[in-house]
Chemist: 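Take this structure first; my questions come after.
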Amino acid sequence: MQDYYWLYMTTNCTCFCLCLASCRELLIFNYCTIFSFIENRIMNHTDIEDKPKQSNSSCKNQNFIDWDEYFMAIAFLAAKRSKDPCTQVGACIINEDKKIVGVGYNGMPIGCNDDEFPWSKNQESELDNKYLYVCHAELNAILNKNSSDLKNCKLYVGLFPCNECAKCIIQSGIKEVVYLSDKHAHKNGTIASKRMLSAANVKYSQLNPKNKKIVIDFNEIDWDSMYQPALSPAPKNVS
Ligand SMILES: Nc1ccn([C@H]2C[C@H](O)[C@@H](COP(=O)(O)O)O2)c(=O)n1
């Protein structure tokens, strides 16, 4: 009789524990689902809003960058070409169809060897000062344009344009400037620049990108498949 009692008790306890465990798992599962749903909503907030109502959105890559981030990233990539040891700036100009029409970075003018011209800024000799020689990223992007003009174009740049660049921006017909850093906001050059841009109705705004970091990873490519010899065309059946 006692044996039956113990068997009965142990079976009951085991069942109870199993029930508790599966309830807990269910709860954990539900929490995970809810959290990943919320995370998804936050991460893809704008994409969700941008999505056409009837698209088969489950097939679409949700991890794409938006236009502003894309053009600013191109400006940043261009900056990587700069030889300035202190500050590398890039600029990217797009037209009204979101086509890139000019890219540039700060550097020495053509023909002025960047191994010979000075990159320092605090030399005793005033002539050995980079500021006298360097072309700013915005100026280079404007001069590198591949379209007949820059009317109504938009310029993306890492640092707010100086007063000299503001003049070029205005004269070129660019109508909007998107910048990332305004670290020289307190300087007269920047104050004058803003004064001129506003007077000339050139809009300017600071970009606050969703993605603080965009990584370009050449390893994303399948290198093995790169080196496979191209298949030669199948021979035609000649009768
Ligand atoms: N909007 C700007 C601002 C600056 N630059 C260039 C000019 C110099 O090469 C460098 C600034 O040097 P730093 O004073 O930081 O030693 O950045 C530009 O291209 N565009």
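Both ligands and their constituent atoms are indexed starting at 1 by order of listing.
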Chemist: Which word best sums up how the rings of Tyr156 and Phe71 line up, parallel for under 30°, tilted for 30 to 60°, or perpendicular for over 60°?
Modeler: tilted
Chemist: Should Asp68 and Lys210 count as an ion pair when the cut-off is N to O under 4.0 Å?
Modeler: no
Chemist: Among protein heavy atoms, which sits nearest to atom 1 (N) of ligand 1, and what does the distance come to when rounded to 0.1 Å?
Modeler: Glu138 OE2, 2.6 Å
Chemist: Will you find, in the side chains of Asn106 and Ser82, an N or O donor that is under 3.5 Å from an N or O acceptor?
Modeler: yes
Chemist: Enter the distance from Leu132:CG to Glu126:CD here, rounded to the nearest 0.5 Å.
Modeler: 8.0 Å
Chemist: What protein heavy atom sits nearest atom 7 (C) of ligand 1, and how far away is it?
Modeler: His136 NE2, 3.3 Å
Chemist: Counting from 1, what ligand 1 atoms have a heavy atom of Phe160 closer than 4.0 Å?
Modeler: 1 (N)
Chemist: What protein heavy atom lies closest to atom 12 (O) of ligand 1? Include the residue and the distance to one decimal.
Modeler: Lys130 NZ, 3.0 Å
Chemist: Counting only nitrogen or oxygen atoms and a 3.5 angstrom limit, does Asn106 reach ligand 1?
Modeler: yes
Chemist: Please could you name the atoms of ligand 1 that Val134 approaches to less than 4.0 Å, counting only its heavy atoms?
Modeler: 9 (O)
Chemist: Is the closest heavy atom of Cys165 to ligand 1 under 4.0 Å?
Modeler: no
Chemist: Under 4.0 Å from a heavy atom of Ala137: give me the atoms of ligand 1 that qualify, with their elements.
Modeler: 18 (C), 19 (O)
Chemist: If we ignore hydrogens and angles and just use 3.5 Å, is the side chain of Glu176 paired with the main-chain N or O of Ile174 as donor and acceptor?
Modeler: no
Chemist: Give the residue and atom name of whichever protein heavy atom lies nearest to atom 5 (N) of ligand 1, and the separation in Å to one decimal.
Modeler: Val89 CG2, 3.7 Å
Chemist: How does Lys121 reach ligand 1, if at all, at less than 4.0 Å between non-hydrogen atoms: by side chain, backbone, both, or neither?
Modeler: side chain
Chemist: How about Pro109 and Cys135: do any of their side-chain heavy atoms sit closer than 4.5 Å?
Modeler: yes
Chemist: Is a side-chain donor or acceptor of Ser147 paired with a backbone partner of Val101 at a separation under 3.5 angstrom?
Modeler: no
Chemist: Does the Trp119 side chain pair with the main chain of Cys86, one donor and one acceptor, at a distance under 3.5 Å?
Modeler: no
Chemist: At less than 4.0 angstrom from any non-hydrogen atom of Cys86, what atoms of ligand 1 do you find?
Modeler: 16 (O)
Chemist: When you measure from atom 8 (C) of ligand 1 to every protein heavy atom, which one gives the shortest distance, and what is it?
Modeler: Asp84 OD2, 3.4 Å
Chemist: Suppose we measure from atom 3 (C) of ligand 1 to each protein heavy atom; which comes out shortest, and what is that distance?
Modeler: Leu159 CD1, 3.8 Å
Chemist: So, the side chain of Lys98 versus the backbone of Asn95: is there a donor-acceptor pair under 3.5 Å, distance only?
Modeler: no
Chemist: How close does the nearest protein non-hydrogen atom get to atom 14 (O) of ligand 1, and which residue and atom is it?
Modeler: Tyr131 OH, 2.4 Å
Chemist: Below 3.5 Å, N or O to N or O, backbone or side chain included: is there any such pair between Thr87 and ligand 1?
Modeler: yes
Chemist: Just verifying a value: how many Å separate Ser181 OG and Phe160 CZ, rounded to the nearest 0.5 Å?
Modeler: 11.0 Å
